[in-house]
Amino acid sequence: MLEEVERWLIERSWSVADRPLHRILAAKRASGQTVSVVLPALDEEATVGEIVSVIRHDLVLQTPLVDEVVVVDSGSTDRTAEAAAAAGATVVHRDAILPRIPAVPGKGEVLWRSLLVTRGDIVCFVDADLRDFSSDFVTGIVGPLLTDPGLQLVKAMYDRPMTLADGSTTGAGAAQGGRVTELMARPLLNMHWPQLAGFVQPLGGEYAARRSLLEQLPFPVGYGVELGMLVDALHLVGLDALAQVDVGVRKHRHQDGQALGRMAAAIYRTAQLRLARAHLLRPSLTQFERTGEAFEPRTYSVDTEERPPMTDIAEYQARRVA
């Protein structure tokens, strides 16, 4: 590990307990900064309402830390939108944001569009499939940005127990990233961007950043958004403007192996673009499924599109002037 990263781990890796809530609130009042929490959601009826309820109870009604909670629905077929609205979130459908540019499927697409329907100086992203959610996920990553003006982006780190079919959990995976992190993202970062080797959960969906940074970044439309954002932020603001906070334990729905394969392909493509800005001859991934006595190929396109920095979008520029 680089000496620079060893120093960073000491100086820029904290626990949620390092910043008491009263200190975070005092910093917010002194700075006048506002905080938006965004949940990208696709068929998360079972969990999104509880997450919104916890954030609103702990950090809006009880303690005035969060100024708005926005759920961006990316085409749910269940009652995700209804559950989120009933819990008190502002719910916006992905396709209603910037309709001039047709939306494409993907998490990064939703996060990019969310900048147009939020106002906070600090934007905090939280995945909508978390179970046993704690508001520490928000205070932990927002707190450093409010108390340290030199920071630009803060990611959550956590233990990640594996959820079994019966709903119970096992310690396997604790203190590790997910399978795509360990098999794809971490090797890529260590080999090509070793300054980022200290991030425990580089692909984690819980992170907060200053709007002034986010609006300058391109957003890969799919699963590559977290890796792309880390790499681009490193080049734009430097390692010391990035940090991570231990928020405890993260429980969420796990994907099957083939879904993880598609995720890994998108992340590899995101890395490749940043290494060479070259064109793949075949931006697709073929996987196999058994059907009866044979294996049948299934080919999926790999996310290759990226959205430009939001400051390039006329509607966003117009909103800032207004």
Side-chain angles (χ1 to χ4, degrees), residues 34-45 47-49 51-52 55-56 66-129 205 207-229 232-233 262-263 266 269-270 273 283-284 300-322:
T34 53
V35 176
S36 299
V37 176
V38 172
L39 284 78
L42 176 62
D43 293 332
E44 304 295 356
E45 176 186 354
T47 50
V48 68
I51 297 171
V52 171
I55 294 172
R56 282 188 48 78
V66 171
D67 298 280
E68 61 178 349
V69 182
V70 178
V71 171
V72 182
D73 187 350
S74 58
S76 298
T77 57
D78 65 3
R79 294 179 57 82
T80 290
E82 291 86 343
T90 299
V91 180
V92 187
H93 195 283
R94 173 201 62 197
D95 296 347
I97 307 170
L98 198 61
R100 174 176 64 85
I101 300 176
V104 298
K107 180 183 179 182
E109 178 84 354
V110 174
L111 300 185
W112 181 71
R113 289 174 186 265
S114 75
L115 296 181
L116 266 166
V117 292
T118 54
R119 293 283 181 176
D121 302 302
I122 293 170
V123 182
C124 173
F125 298 119
V126 176
D127 281 349
D129 66 342
Y207 48 99
R210 300 192 189 282
R211 176 176 295 272
S212 56
L213 170 64
L214 293 172
E215 64 188 12
Q216 297 180 70
L217 299 178
F219 277 60
V221 298
Y223 286 123
V225 63
E226 275 85 22
L227 183 134
M229 192 176 294
D232 293 341
R262 297 190 290 274
M263 186 184 302
R269 170 60 171 170
T270 300
L273 284 171
S284 59
Y300 302 88
S301 61
V302 173
D303 296 317
T304 59
E305 190 170 355
E306 298 198 3
R307 295 306 190 189
M310 190 56 79
T311 48
D312 292 350
I313 301 300
E315 289 88 340
Y316 191 79
Q317 296 170 6
R319 193 189 76 164
R320 295 179 72 185
V321 171

Taking all non-hydrogen atoms of both residues, which atom of [X] and which atom of [Y] are closest, and how far apart?
X: V48; Y: A83; result: CG1-CB, 4.1 Å
X: V110; Y: P40; result: CG1-CB, 3.7 Å
X: P220; Y: P218; result: CD-O, 3.7 Å
X: V38; Y: S114; result: CG1-CB, 3.8 Å
X: V71; Y: A89; result: CG2-CB, 3.8 Å
X: A85; Y: V91; result: N-CG2, 3.6 Å

Quick one: list whatever passes side-chain hydrogen bond (donor to acceptor under 3.5 Å, both in side chains) with E315, sequence neighbours left out.
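R100.
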
Please list, chain by chain and in numerical order, all residues satisfying side-chain hydrogen bond (donor to acceptor under 3.5 Å, both in side chains) with S36, sequence neighbours excluded.
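Applying side-chain hydrogen bond (donor to acceptor under 3.5 Å, both in side chains) to S36 gives E68.
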
Determine, stepwise, if the pair M229 / L214 fulfils side chain to side chain contact (heavy atoms under 4.5 Å, CB included).
CA-CA 9 Å; M229 192 176 294; L214 293 172; 3.8 Å; yes

Just by modelled atom types, is the [Y] backbone N or O under 3.5 Å from a matching donor or acceptor in the [X] side chain?
X: Q317; Y: T311; result: yes
X: W112; Y: E306; result: no
X: R94; Y: G75; result: no
X: D67; Y: V35; result: yes
X: T90; Y: V70; result: no

Rounded to the nearest 0.5 Å, what separation is found between the [atom1] atom of [X] and the [atom2] atom of [Y]?
X: E44; Y: L39; atom1: CD; atom2: CG; value: 9.5 Å
X: D127; Y: L42; atom1: CG; atom2: CG; value: 11.5 Å
X: L111; Y: F219; atom1: CG; atom2: CZ; value: 6.5 Å
X: L116; Y: M310; atom1: CG; atom2: CE; value: 4.5 Å
X: T118; Y: D121; atom1: OG1; atom2: CG; value: 10.5 Å

Residues in salt bridge (charged side-chain N to carboxylate O under 4.0 Å, His left out) with R113, at least two apart?
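Only E109 meet the salt bridge (charged side-chain N to carboxylate O under 4.0 Å, His left out) criterion with R113.
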
E215: salt bridge (charged side-chain N to carboxylate O under 4.0 Å, His left out) partners, not counting sequence neighbours:
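Scan of E215 (salt bridge (charged side-chain N to carboxylate O under 4.0 Å, His left out), adjacent residues dropped) gives R320.
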
Who pairs with D78 by side-chain contact (heavy atoms from CB on, under 4.5 Å), at least two apart in sequence or on another chain?
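Per chain and number, D78 pairs via side-chain contact (heavy atoms from CB on, under 4.5 Å) with D43, E45, S76, T80.
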
Sequence neighbours excluded, every pair satisfying salt bridge (Lys or Arg N to Asp or Glu O under 4.0 Å) that has a member inside residues 217-227:
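Residue pairs with at least one partner in residues 217-227: K107-E226.
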
Evaluate the criterion side chain to side chain contact (heavy atoms under 4.5 Å, CB included) for residue pair R307 and V104; output intermediate values, then yes/no.
CA-CA 10 Å; R307 295 306 190 189; V104 298; 4.1 Å; yes

What do you reckon, is CZ of R79 surrounded by more than 12 foreign heavy atoms closer than 6.0 Å?
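Count not over threshold, so no.
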
So, do R119 and R319 sit near enough that their side-chain heavy atoms are less than 4.5 Å apart?
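Yes, side chains in contact.
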
Taking the side chain as C-beta and beyond, is there a heavy-atom pair between I313 and I101 under 4.5 Å?
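Contact flag for I313/I101 side chains = yes.
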
